[in-house]
Protein chains: 2
Amino acid sequence: MDKPLMSDGPVTLAHVAQRAGVSQMTASRALNGRSGVSAKTRHEVVRIATQIGYRVNVAARKLSNGRSRIIAVLAPDLTNQFIGELLIGAGEAARKVDYEMLVYTLFDETRRSHDEVLRLLQQFADGLIAILPRGATDYVKALYAASMPIVILDHRGEVAALPTIASNHYEGASMAMRHLLELGHTRIGFLTGPDEPGASTERLTAYQHVLAQHGLRVDPHLISAGDYTQRGGFEAARRLLGLKKRPTAIFAVNDMAAFGALDAIKDAGLSVPNDVSLIGFDDIPMAAQTHPPLTTIRQPLVWMGRSAVNTLLAQINGIDVASPRVTLPTELVVRASTAALSATGRVPVGTRGASAGV
Amino acid sequence: MDKPLMSDGPVTLAHVAQRAGVSQMTASRALNGRSGVSAKTRHEVVRIATQIGYRVNVAARKLSNGRSRIIAVLAPDLTNQFIGELLIGAGEAARKVDYEMLVYTLFDETRRSHDEVLRLLQQFADGLIAILPRGATDYVKALYAASMPIVILDHRGEVAALPTIASNHYEGASMAMRHLLELGHTRIGFLTGPDEPGASTERLTAYQHVLAQHGLRVDPHLISAGDYTQRGGFEAARRLLGLKKRPTAIFAVNDMAAFGALDAIKDAGLSVPNDVSLIGFDDIPMAAQTHPPLTTIRQPLVWMGRSAVNTLLAQINGIDVASPRVTLPTELVVRASTAALSATGRVPVGTRGASAGV
DNA sequence: ATGAAAGCGCTAACAC
DNA sequence: GTGTTAGCGCTTTCAT
């Protein structure tokens, strides 16, 4: 029985120590790369551990010294690609440095107090990455009270002293607008998200500012209320298309809304980008899969997740993070849903503005 | 200091016992609803525990008696709604019976051996629900070897003796075909998924069988290869639409592929359902958000997740599960992407088949 | 009905 | 450089 694999219970440190003819402590030190072990002993211990398939017991380690090398992620929803991408970045970063990542999901129906959840997570994880649901100001309070390293990922405004990772919504939205403007569009519709402080309103603000900066009037009729969903984007876009003077371009607050808008535009018998240019925000994987593929503003989701892990790890290891607020850059991804106004054929170059309308 | 909340370390059982003036064991018994405690004592212990905010330490409990009341879910991917819905069902079911659910995600890049992952999960969880990536036969082997309660959710064929939860793909696909047939369609295209044993091929088989059962020829040209993705569905549908005699209805192997087909149909200047009827499979949330909303076959994803938890819990509690293989029923969800052939206007009633073709 | 002792697997602290 | 002891928070077993 050289490999007591699944034979008689899991392989423990005691087994390793015994085989190596050393004490548990020496074995522990050797395996954890601590000093105070001769190179020869260390090598032997490691060899044996590998041979018999030893793996530390995280529960025991957590109980003993408070460290499990596990980080927990609190996620509000697992049915959207946005969060999925964030998780990919976090997970890969964690595993790269020999940590594990576990995801805890929030559900509406099963009531757990915030405090309860955080305590559970603290019992097995060394730190927490929190992706908060919209408008969860109460959760933020619980986060403050928790005595555990925490990083907030993709925050929604209200967060104060906790380290946060986010991307630059204002800048991203500005880029989107400049892109459209450069293509010659001046009647640009905006599909909003929820009307509360956060990414959605930051993007709307940029929309208004850039328009103003270019000496263009911000027409309230061109701002159509949506809610981050495809259905919401569809309805909001449809309203815009029903306008006497419909926009020649639409900027959707996020990709999902843009997908809805795409449906609405095609449904109206119009073509993207020939009749209407469309730009989204986020660059979730699906954005590259529509037809035409969506021009959008990329949030570096994977990078954000990675960054959250690194910030968290710094905290866990007691390294004082210089700036607890990381803002990552966005990027314009030009695909096929936007085109120059002149290409629409509806408004010949040089006549711009003269013959607009349905 | 009545509530030693975050003051000096977490509240332990010892604190509760001390306050109640009983031994730890009595406190433990009282809190766990075990016998051997007088009603009065029990009540008092519970009162105090609640008051000072006691919560068992899962790491300690796991170490002590092997039970954490946590179930782990192994998920191959967190960027798709299908899995998200499965997880909702599982999570809610678990929390309803006072278990917690934690999700462990697989990533391509960070190599962990299957064995390694399972051992980690076993160290903190009481059981595992495995949602396997496609073609992961090697994972199944590791699952067999693992000494922990396991349930496979949404299996892909090859699974043998392990308990599994799945829905009836063959029946669902048959329903889809019958629906189309009842609407008068006879030229029905099929958008396939990956060509390997599993849901995709089961659905294809049903497509072929039902056609044959109705005395219709299975035209290989109407079977177009896709891959479960939107892009794949788009390309596959486009090929179908380019046929001399294009189908009047398309059955997509899953909803994502149907979304791609929707794009392709609209792109060809055709209308759904007026020119082409379209039906998907799965009924992920997005299916209700497209325009037109997608007719599809619902897999009871939430129910499947719930069922997996219940089956797992039975195993954990040593109850011998009668049938370790649960197959849940699918359901036809008629929305707006399918319509009677006569309504297409291309083939007048009574003349069916006479003037088909582009 | 209640309690004391021992131990789950590990590591911090202190020996030697 | 290595070993011993104690203890993390809990529950088992075996008293009483």
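Heavy atoms only: backbone and side chains are in, while hydrogens, waters and symmetry mates are out. Numbered from 1 within each chain, the chains take letters A, B, ... in sequence-line order.
- Using a 4.5 Å cut-off on side-chain heavy atoms (C-beta onward), B:Met101 and A:Phe107 make contact.
- Rounded to 10°, the helix from C:dA1-D:dT16 to C:dC16-D:dG1 has 40° between the axis fitted to its first five pairs and the one fitted to its last five.
- Between A:Pro149 and the options A:Ile316, A:Asp126, A:Ile71, a side-chain contact (heavy atoms from CB on, under 4.5 Å) holds for only A:Ile316.
- No side-chain heavy atom of B:Arg119 sits less than 4.5 Å from a side-chain heavy atom of A:Pro10.
- Looking at heavy-atom distances under 4.0 Å, A:Ser35 makes no contact with the nucleic acid at all.
- With rounding to whole Å, B:Arg42 atom CZ is found 9 Å from C:dA1 atom P.
- Using a 4.0 Å heavy-atom cutoff across all strands shown, B:Arg67 reaches no nucleic acid atom at all.
- By the 4.5 Å heavy-atom criterion applied to side chains, B:Ile88 and B:Leu301 are not counted as neighbours.
- A nucleotide of DNA chain D counts as in contact with chain A when one of its atoms lies under 4.0 Å from a heavy atom; the first and last such, 5' to 3', are D:dG1 to D:dG9.
- In this structure, the side chain of B:Asn32 does not engage the main chain of B:Arg34 through any donor-acceptor pair within 3.5 Å.
- Side-chain atoms of A:Arg67 and A:Lys62, non-hydrogen and from C-beta on, never get closer than 4.5 Å to each other.
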Please write out the pairs of protein N or O atoms and N or O atoms of nucleotides 6-10 of chain C separated by less than 3.5 Å, giving the distance to one decimal.
unit_1: C:dC8; atom_1: O2; unit_2: B:Leu63; atom_2: O; d: 3.3
unit_1: C:dC8; atom_1: O2; unit_2: B:Ser64; atom_2: N; d: 3.3
unit_1: C:dG9; atom_1: N2; unit_2: A:Ala60; atom_2: O; d: 3.2
unit_1: C:dC10; atom_1: OP1; unit_2: A:Tyr54; atom_2: OH; d: 2.5
unit_1: C:dC10; atom_1: OP1; unit_2: A:Asn57; atom_2: N; d: 3.3
unit_1: C:dC10; atom_1: OP2; unit_2: A:Leu13; atom_2: N; d: 2.3
unit_1: C:dC10; atom_1: O2; unit_2: A:Ser64; atom_2: OG; d: 3.2

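- Of the two residues contacting DNA chain C, namely B:Gly36 and A:Arg29, the nearest-nucleotide position lying further toward the 5' end is that of B:Gly36.
- The aromatic rings of B:Tyr139 and B:His114 are tilted relative to each other, their planes meeting at an angle between 30° and 60°.
- Nucleotides of DNA chain C nearest to B:Met25 and A:Arg34 differ in position, and the one nearer the 5' end is that of B:Met25.
- Under 4.0 angstrom from either OP1 or OP2 of C:dG3 there lies at least one side-chain N or O belonging to B:Ser23.
- B:Arg47 and B:Glu44 are joined by a salt bridge, as a carboxylate oxygen and a charged side-chain nitrogen come within less than 4.0 angstrom of each other.
- Using a 4.5 Å cut-off on side-chain heavy atoms (C-beta onward), A:Ile131 and A:Leu87 make contact.
- Proximity of A:Leu31 to A:Leu13: side-chain heavy atoms (C-beta onward) are separated by under 4.5 Å at one or more points.
- The CD1 atom of A:Ile70 sits 11.0 Å away from the CG atom of A:Leu121 when rounded to the nearest 0.5 Å.
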